[in-house]
There are 2 protein chains.
Amino acid sequence: MCAKGTELSERKKLILKALVEAHIEGGEPVGSKYITQNNLLSCSSATIRNEMAELEQMGYLVQPHTSAGRVPSEMGYRFYVDTLVEQYARTTHEVGQINQLLKAKMAEIDQILETASRLASSMTNYTGIAIKPKASSVTMSKFELVSMDENNFAMVMITSGGAVKTKKVKTTGTVREDDLRRLAELFNECLCGLSADMITLPIIMEMENVMGDSAFLVTPAVKCVYEVMSEIDGGTMRLSGINHLLKYPEYSDTQQLGQLLGTLESKDEILDLVSQAESDDINVLIGSESPVKVMNNSSLVFKPIKKHGKTIGVIGVLGPRRMNYKQVLQTIDEITGSISSMMDEEAPIKELSEKGEHHGGE
Amino acid sequence: MCAKGTELSERKKLILKALVEAHIEGGEPVGSKYITQNNLLSCSSATIRNEMAELEQMGYLVQPHTSAGRVPSEMGYRFYVDTLVEQYARTTHEVGQINQLLKAKMAEIDQILETASRLASSMTNYTGIAIKPKASSVTMSKFELVSMDENNFAMVMITSGGAVKTKKVKTTGTVREDDLRRLAELFNECLCGLSADMITLPIIMEMENVMGDSAFLVTPAVKCVYEVMSEIDGGTMRLSGINHLLKYPEYSDTQQLGQLLGTLESKDEILDLVSQAESDDINVLIGSESPVKVMNNSSLVFKPIKKHGKTIGVIGVLGPRRMNYKQVLQTIDEITGSISSMMDEEAPIKELSEKGEHHGGE
DNA sequence: ATTTAGCACTCGCACAAAAATAGTGCTAAA
DNA sequence: TTTAGCACTATTTTTGTGCGAGTGCTAAAT
């Protein structure tokens, strides 16, 4: 908007920073006096007042009413975050902990995301968000069919992304192992590489044709493929640590909080939000920068997790606008980093063997 | 506790019922006057007052302070619910809707539960709960290994309960199709029917022995089995419609609400709670009847879903103590009923074929 | 003997006035 | 350019008061 650039004197920056942090800490408007007392600014409250007045004119600060202290405006937060992002240093001492926690739970991608979200929440004291974005177009790269009993078989699908999905299929008639093998072959031939909308009726009919007597297997199986594809497409979102929100007075308006939670649960909006804004690095949405109206006094910090260049998930944190950006930025970055690197080296397989052998010795 | 039996006169019952319902409706203490006016009790407020005084002495009512109306005590609610449970009639007109909604989403058990929880929440306006209880002891009934690429294969496991689970396994060396087949055979031979704690080191070593050169495959694969078993064991809980809670003033104490949400998220307590109380039919926990302290002014209504006599999930509703038990009991019963019956007839497979054919015509 | 009417009494709540607080803006001096 | 001091103002907190809802009791009515 009215980005006048870096017209801020060094002292103004210092004051702004101090004020933002004080406000994050306490949640209340902060006055000139407070700053002179607690911070090492070597000037008097009057000076601060002058500066603050200017900062307010420039749009960085807002005062809720005459004779209240100042509160950072959205622009103020934005400035604070931007300068912060440039400079925040990785204090590596927490990384170890993250790694350990994540490794312990290393499993499917969903689990990782869930754990990461929990982790983010508990480390920052805000609400953690884990998102598995919509995959634009899923295709299958391999099918395998496993018989379970006379009327059921399991369908194992490996997606182009390398994920393994399984569905149970109930058939109307009895299934012979033999037919299953043929069907699997057929699927591998005809359906690999096709996205959901490319599986057309003619293809299905042709397959039924080929299967002859066992044509009745085709439709339910294809239906499964459909389902899995759209399921993966759908996207997922998980929250953890909602209770943290309640600690902050800005969410004491139950009306609004209710709306917010409702919006979060319906997930679509957030899902869109996140997939749009993907800047590949940490994103910080402050207040009304978010298109979701109900998040006006909330901030959302999130960062995608990449594997081989593809986004496979997003980890983030939701909290009041006055969230502790310093800590949050750092934490999110570390968590996503840990996951990413862990993804690349892939499962720490050796561990069980060790565990197993040590087991006797302990 | 002090169950003096059915010492309640018919009129007392009527008054109690009227009062409970009035309180559910409005949320505020209800006085003698209100009852004479709105309900068809043919006596004056003074009489009601006398009766209410007695009811209070007996412990069915409580007055928050002198000169406020009465509020049902826990015991009062309990009485109300108990009589209600005997008599509540199934109004079948909503069942159709439930069936439809559930069928549309018919998929894996997790999805069903999730959908059901959502449904319960939206139909009752309270918070829906879906629980997949801890399975006391899972065993595998079949293994299948599917190669993905040189260093990865997928492991498909069919549990004793008939669920299909998949895990991706990364190996340290190259995998030949041949070895996979052998390994699968071996697993089917050695591990079927074993619960997690029965898979001991000697068994693993023996398998490694048999596999010879390809022994390196065994450990990571076994680890997966472990993981899946404990994962299934774990139990799962999902909430939906948390925002509904906020509509009720009893949750306006953000402090307490926060604790409640925290407890809910950690899920263990609720999981235990539910698996303990399993009376196989509808359970109603009113206020402090629940061992979870933080739920003192909440009620929990839930009912297990059975398949072939085994509990595979629990659907419930959480709300304020003054929840609309009539409606909730009914709804939960209908939803669980729908699911159960749907489970038995199993997937409505024909549908896709129809859909497919109509597809061209539309 | 049970129900009803009437009345005095008790709280809590909502509203209003008053006091206290905190922080600003401005002016004048350093 | 910074600082000190002071007047000003809006908010918050405290205090006080009246109103109303609802009870409990007693006495009359059925």
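Lettering of chains follows the sequences in order, A, B, ..., and the numbering in each one begins at 1. Predicted, not measured: the structure shown is a model, and the values here were computed from it.
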Inset, instruction - For the residue pair A/Y34 and A/S45, confirm or rule out a side-chain donor-acceptor distance under 3.5 Å. - result: no
Inset, instruction - Mind running salt bridge (Lys or Arg N to Asp or Glu O under 4.0 Å) on B/K326 and B/E21 for me, showing each step along the way? - result: CA-CA 10 Å; B/K326 218 173 198 163; B/E21 281 170 1; 3.5 Å; yes
Legend entry - Closest-nucleotide ordering on DNA chain C, the 5'-leading residue of B/P64 and B/S42: B/S42
Legend entry - Between C/dT4 (P) and B/I48 (CD1): distance, integer Å: 9 Å
Inset, instruction - Provide the Watson-Crick or G-U wobble partner of C/dA28, both distances under 3.5 Å; none if there is no partner. - result: D/dT3
Legend entry - Salt-bridge present (A/R321, A/E250; N to O < 4.0 Å): no
Legend entry - B/S252 and A/T254 side chains, donor-acceptor separation under 3.5 Å: no
Inset, instruction - Treat primed atoms plus P, OP1 and OP2 as sugar-phosphate and everything else as base, then score nucleotides 23-30 of chain C 5' to 3': B for base contact with protein heavy atoms under 4.0 Å, S for sugar-phosphate contact only, - for none. - result: BBBB----
Inset, instruction - Using both distances under 3.5 Å as the test, list the Watson-Crick or G-U wobble partner of D/dA10, or none. - result: C/dT21
Legend entry - B/H23 and B/Y77 aromatic ring geometry - parallel, tilted or perpendicular at 30°/60° bounds: tilted
Legend entry - Any donor-acceptor N or O pair under 3.5 Å, side chains A/S298, A/Y251: yes
Legend entry - B/T47 vs C/dT4: side-chain N/O to OP1/OP2 distance below 4.0 Å: yes
Inset, instruction - Rounded to the nearest angstrom, tell me the gap between atom CD in A/E28 and atom P in C/dT21. - result: 16 Å
Legend entry - Separation of atom CD in B/E54 from atom P in C/dT2, rounded to whole Å: 10 Å
Legend entry - Proximity to the side chain of A/H65 - top-ranked nucleotide from D/dA10, C/dG12, C/dT3: D/dA10
